[in-house]
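Contents: one structure, followed by commentary.
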Amino acid sequence: MPRPSAKRRLAIGLAGWSATFVMFFPILWMGLAAFKTETQAIASPPVLLFTPTLENFEAVLARADYLHFFFNSVAVSVGSTALGILIGLPAAYALAFHPGRRAKDLLVWMLSTKMMPAVGVLVPLYLLFRWTGLLDTITGLLVLNTLINLPIIVWMLFTFLREIPKEILEAARIDGARSFDQFVHLIIPLAAPGIASTALLAIILAWNEAFWSINLTAWRATPLPAFIASFSSPEGLFWAKMSAASLLAIGPIVAFGWLTQKQLVRGLTFGAVK
Amino acid sequence: MKRTLGAVFAAGLAAALMSSAAVAQTTVTIATVNNSDMVVMQELSKKFEEANPDIKLNWTILEENTLRQRLTTDIATGGGQFDILTIGLFEAPMWGERGWLVPFDTVPADYDLNDVFKSVRDGLSHDGKLYALPFYAESQMTFYRSDLFEAAGVTMPEQPTWADIDQLAAKVHDPDKGVYGMCLRGKPGWGENMGQITPVANSFGARWFDMNWEPQLETPEWKEALTTYVDLLKKYGPPGAASNGYNENLALFADGKCAMWIDATVSAGFLSDPKQSKVVGKVGYALPPYGKFNKGNHYLWSWALAVPVSSKSQEAAQKFIYWATSKDYIKLVAERSGWATVPPGTRTSTYENAEYLSAAPFAKLTLQTIETANPTDATQEKVPYVGISYVGIPEFQSIGTTVGQEFAAVIAGSKTVDEALAAAQASTKRAMQQAGYLN
């Protein structure tokens, strides 16, 4: 493949950077607003030069116990992801290596459960949670997030596992490896980057899940989305404080994503570079 | 060794059990909105906990609409997640009627229930039973920029009419300098633009329904009211007024972009806070304008605290509510941050307090508007519903918001007044038929 000309490369670079900037802009704007005063945050034309202040963070942290929300978020996102991988990996293995006649339909059906708007099942689910005593519990949110993300987990793992050549498994079988051994000693190591990136994505999705996090909790199990929501107000100015709260809420997951981005990109492009 | 460990463990367990018995606490979960008065309540509640070590308070804070949906889900399914609900004048009588709320039958004598404004108490009651106690209450007033009025050589009457407002707006409208003559809500919503337009309609003689629940939107009265409101915004409003809600207008006025604004009385407090407002000391206050009739032209709203029947700590919850809506609480807020910041609109004693009256120049107007707002008599002709800025039936949330969208389209210029009223009449009629009010 010939190298693209310098002009072309510049154009591609510019396009890439502008797209990135457009996507990043809301976060940048939020980051700026978090360090403004409330009047600066709503000023129009917008204030670009200002003396940064930490008063919003002080106000936010004085009012709500950030760590309470943070640990709930960690428990729900990590827990639901672990449970999801535990259930999803054997399912994806079965679908990839021992597909039945209806394997394709099954996969599409799994994905179709994502098409229903969440609010449509709010009342039934609320009643179910009430009867089972799961309202406002970490367990309840954890199980629900597992179920919400399971279709995506199975799909992603399935695509990764499908890339593994069947011949490797055949060779192992000839050497006398049982299915369980193949799964533990071959499939898992070979699909490790895929499993890792699936897990990362599932953690991010669970971390950001807001609808159920707000609707099924009161105070004991409230994760970070509820923390952000508590700073929105119908009366009075709140943009700066809410930006500060949002920054605190997304901070850990952004840092986490940053540290693991190599893994994530490798996983997402897995198979494409063979 | 094992036995020793076991003994230590058993002793530890026993100690843990004993200590938890010693501080057996009743947990009270409070669901509220993030308005500044509630933020202060949360802060001061530590004093309540100090005085009542057996009660532990937990807070769920959400934005108004999210909270309303969250509470409705919980209370309608008997979820029992909350012990104290922050609800408005709209919900209290309806939820009380459905038996969802614990009535305040035996209010302690030192609470002095008669000190609480009767109009507010009545609004929170159903069939003579009180279902919530008011934390603060508000009505509407006219805010104007006294400096701009002086410069333009005009004065605001104490009781303006909408015709006066139109003439004044023309004089102070100066978009080249970034000042718009008139700010009003355009953002669709039963509690946004409809909450403002319905009182205007009342004062032009209009009503939502006749005594048979037949919608009355395609009438000359509604047309005159809507035309007045829309024309003001079209002629003197800021760009994009169709999407401005309460907060947007508050921000515009606080930033010096509006010469006049008619909205909630609580705004007076924000506008006199130098931290939030650039126009401190330049704001004049007047009564809310009316059209043809000086009745029903300003709403009454109250944020109140109630206990759901599904609560397991009803007694402790009521105890907190008595504390948070008491005279002593109001004093506590005054000690913390000055009399101008106390929760307004609930008690006669607040408005008899000389310190409050001198700290809050808008107090008398607030009092007057709250006392004259009557949700049971807001229209010229008889109506089957309670409410000034809304119709007190559960269906109104969706009806009002649908009609609000039609009216916002008029403000944005994509529909005429006649088209919007015809569409509003049709959609309201359909909704009322579906809900079984009409055949």
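Protein chains get the first letters and strands the later ones, always in sequence-line order, with residue 1 at the start of each. Both backbone and side-chain heavy atoms feed into the values below; hydrogens, waters and symmetry mates do not.
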Check: Is the number of heavy atoms from other residues, nucleotides or ligands within 6.0 Å of CH2 (W29(A)) greater than 12?
Finding: yes

Check: With a 4.5 angstrom heavy-atom cut-off, which part of S277(B) approaches chain A: side chain, backbone, both or neither?
Finding: backbone

Next item on the list: Go through the atoms of T77(B) and report whether side chain, backbone, both or neither lie under 4.5 Å from a heavy atom of chain A.
Entry: both

Next item on the list: Give a yes-or-no answer on whether the side chains of T60(B) and W219(A) include a donor-acceptor pair shorter than 3.5 Å.
Entry: no

Check: Is there a side-chain contact between N34(B) and R63(A), using heavy atoms and a 4.5 Å cut-off?
Finding: yes

Next item on the list: Tell me, for L135(A) versus chain B, whether the close heavy atoms (under 4.5 Å) come from the side chain, the backbone, both or neither.
Entry: both

Notebook entry, point to check: Is the shortest heavy-atom distance from the side chain of F129(A) to the side chain of Q81(B) under 4.5 Å?
Noted result: no

Margin query: Whether the side chain of R70(B) engages the backbone of I214(A) through a donor-acceptor N/O pair (distance < 3.5 Å, no angle test) should be reported.
Written below: yes

Checklist line | Which portion of L250(B) sits near chain A, non-hydrogen atoms under 4.5 angstrom | finding: side chain

Note to self: Which atoms of D255(B) are under 4.5 Å from chain A, going by heavy atoms: the side chain, the backbone, both sets, or neither?
What the structure shows: side chain

Margin query: To the nearest 0.5 Å, what is the distance between CZ on F227(A) and CD1 on I61(B)?
Written below: 10.5 Å

Next item on the list: Would you indicate whether the side-chain heavy atoms of L122(A) and Q69(B) approach each other to under 4.5 Å?
Entry: yes

Next item on the list: Kindly compute the distance separating CZ (F82(B)) from CG (D136(A)), expressed to the nearest 0.5 Å.
Entry: 7.5 Å

Margin query: Let me confirm one number: the CZ-CD distance from F238(A) to E63(B), rounded to the nearest 0.5 Å.
Written below: 7.5 Å

Check: Given a strict heavy-atom distance threshold of 4.5 Å, which part of D37(B) is in contact with chain A: side chain, backbone, both, or neither?
Finding: neither

Notebook entry, point to check: Is it true that atom NZ of K47(B) has more than 12 heavy atoms of other residues, nucleotides or ligands lying nearer than 6.0 Å?
Noted result: no

Check: By a 4.5 Å heavy-atom criterion (distance strictly below it), what part of A254(B) contacts chain A: side chain, backbone, both, or neither?
Finding: neither

Item checked: Contacting moiety of E43(B), where chain A heavy atoms sit under 4.5 Å -> neither

Check: Is it the side chain or the backbone of Q42(B) that comes within 4.5 Å of chain A heavy atoms, both, or neither?
Finding: side chain

Note to self: Measuring from atom OG of S232(A) to atom CG of N65(B), what distance do you get when rounded to the nearest 0.5 angstrom?
What the structure shows: 9.0 Å

Margin query: Quick check for you: to the nearest 0.5 Å, what is the distance between S310(B) atom OG and R130(A) atom CZ?
Written below: 9.0 Å

